Amino acid sequence: MRNGIPNLSALQAFEASARLGSFSRAAEELALTHSAVYRQVASLEARLGVQLFTRVRRRIVLTEHGAEYAGRIRHHLDQIEKDTFGLVSRTGMGRSIHIAVVPTLATTWLIPRLPGFQQQYPDISVSLSVRTLPFQFKDQPFDGALYHASSLWPGTQGVLLFPEKKLVPVCAPHLPRREEDGLAGLTHLHLSSRPDAWRLWYGANGQSYGPQAAGGPRYELFTMMLAAAEAGLGVGLVPHFLASPALEEGRLVQPVPQVLTVGQGYYFGYSQRDERSEALRAFERWLRSVA
């Protein structure tokens, strides 16, 4: 302890346990034993004189005080991580940037192109983390974000990399159907974050959106939906640029010509308040060139 500040290891053990809801899972993340994490949390509770968890058999549940403290500690640990990234990027030990990105764009578009960035800037390390919802940069350890939206987030600056333009229906070529029936009889695959996409597609094309179309399974990611469509589980509505490789290779087909035109796009943004590092400027220049 120094000036009443708990040991950093104890705080990390507590935050991981609170976030993951388990001492065992926290131990796996921190590369410690279950008993070590338990002792760290117990010592923190003893030092604070406050019960942070209630323990019911093998389950742990945050107390009211524990939940509030966990949120504050998580914020400060994130800030320490962000400050560390910032320090490294400004020293001669190498330059690093930490980018938040939506998962499907990361795996299908960004990561396959990153070797080109590394060839141009071998001294810049790019770390990626998944974020699907808007956030404030002052509360997160990120230098920038690559996300899907209708415009730049409030309080940020940046650039539209490319518009999404249209969503297209896709399914496996072997999926049994009659061409004159359109999509009737096909299971409709839905994306959890875009629950109204099929309803909008039907409305835009003057067709009735009924229970059969609305009742299909939900997936969290477009990559899951594309895999499900290729497996013959139904028809998915996905951005054309994501489906293009599978359509060109014949792994997927577009069963009907109608599409859904959309106004959103993929943006790269960063805080208006913070001065951008040269590494972040280089990454933005490279993104503009490949987009």
Side-chain angles (χ1 to χ4, degrees), residues 100-116 128 130-133 145-150 160-207 209-210 212-268 287-291:
V101 62
V102 287
T104 297
L105 194 69
T107 55
T108 62
W109 187 83
L110 179 59
I111 291 176
R113 289 167 171 79
L114 272 180
L128 303 178
V130 169
R131 289 294 185 278
T132 57
L133 297 175
L146 210 166
Y147 55 90
H148 174 265
S150 299
L160 171 65
L161 294 178
F162 52 89
E164 196 169 53
K165 294 185 179 179
K166 60 184 178 180
L167 305 184
V168 298
V170 295
C171 66
H174 64 269
L175 199 65
R177 65 181 186 85
R178 295 191 306 176
E179 188 171 342
E180 61 270 21
D181 291 338
L183 301 184
L186 294 182
T187 299
H188 287 50
L189 311 177
H190 298 260
L191 192 74
S192 300
S193 60
R194 304 197 197 185
D196 295 329
W198 273 118
R199 180 180 60 79
L200 294 173
W201 182 90
Y202 273 87
N205 292 291
Q207 300 181 35
Y209 180 63
Q212 185 270 334
R218 268 65 178 164
Y219 296 93
E220 190 171 357
L221 304 175
F222 274 128
T223 47
M224 294 179 178
M225 182 183 291
L226 287 167
E230 283 195 43
L233 295 178
V235 57
L237 192 60
V238 301
H240 183 261
F241 82 94
L242 290 179
S244 288
L247 290 170
E248 293 171 1
E249 295 168 9
R251 292 181 284 116
L252 290 172
V253 296
Q254 186 176 333
V256 294
Q258 292 86 355
V259 303
L260 174 64
T261 302
V262 293
Q264 297 87 0
Y266 291 90
Y267 289 81
F268 179 65
L287 280 176
R288 286 172 178 262
S289 70
V290 296

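Because only heavy atoms are used, hydrogens play no part in the values below, and waters and symmetry mates are left out as well, while side chains stay in. Note that the structure is a prediction, hence the values are computed from the model and not measured.
- For the atom pair OG1 of Thr104 and CD of Glu220, the computed distance is 9.5 Å after rounding to the nearest 0.5 Å.
- Distance check: Leu167 CG to Leu200 CG gives 9.0 Å after rounding to the nearest 0.5 Å.
- Glu249 is linked by a salt bridge (charged side-chain N to carboxylate O under 4.0 Å, His left out) to Arg251, counting only residues two or more places apart in sequence or in another chain.
- Considering CG of Leu226 and OG1 of Thr108, their distance stands at 8.0 Å, rounded to 0.5 Å.
- Across all non-hydrogen atoms, the minimal contact from Leu110 to Leu287 is CD1-CD2, 4.1 Å.
- Contact annotation: the side chain of Val238 approaches that of Met225 to within less than 4.5 Å [non-hydrogen atoms, C-beta and beyond].
- Heavy atoms only, all atoms of each residue included: Ala197 and Leu260 are closest at O-CD2, 3.7 Å.
- Applying the salt bridge (charged side-chain N to carboxylate O under 4.0 Å, His left out) criterion to Arg288, with sequence neighbours excluded, gives Glu284.
- Closest of all the heavy-atom pairs between Leu128 and Leu114 is CD1-CD1, 4.2 Å.
- Note that CD of Gln254 is 9.5 Å distant from SG of Cys171, once rounded to the nearest 0.5 Å.
- In terms of heavy-atom proximity, Trp201 sits nearest to Gln258 at NE1-O, 3.2 Å.
- For the atom pair CD1 of Ile111 and CG of Leu105, the computed distance is 10.0 Å after rounding to the nearest 0.5 Å.
- Note on ring orientation: taking the six-membered ring where Trp is involved, the planes of Phe162 and Trp109 are tilted (angle from 30° to 60°).
- The two residues Pro169 and Val235 make their nearest non-hydrogen contact at CB-CG2, 3.9 Å.
- Across all their heavy atoms, Gly182 and Val256 have their closest contact at CA-CG1, 3.8 Å.
- Without hydrogens or angle criteria, Tyr267 side chain to Ser150 main chain gives a donor-acceptor distance under 3.5 Å.
- Counting heavy atoms from C-beta outward, Pro103 and Thr223 have side chains that stay 4.5 Å or more apart.
- Among residues at least two apart or in separate chains, side-chain hydrogen bond (donor to acceptor under 3.5 Å, both in side chains) pairs with a member in residues 160-169 are His148-Glu164, Glu164-Arg194, Glu164-Tyr266.
- Taking the six-membered ring for Trp and the full ring otherwise, the centers of Tyr202 and His188 sit less than 6.0 Å from each other.
- Residue Gln212 holds its CD atom at 7.0 Å from OG1 of Thr187, rounded to the nearest 0.5 Å.
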Candidate pair Tyr147 and Arg131, rule side-chain contact (heavy atoms from CB on, under 4.5 Å), full reasoning: CA-CA 8 Å; Tyr147 55 90; Arg131 289 294 185 278; over 6 Å; no

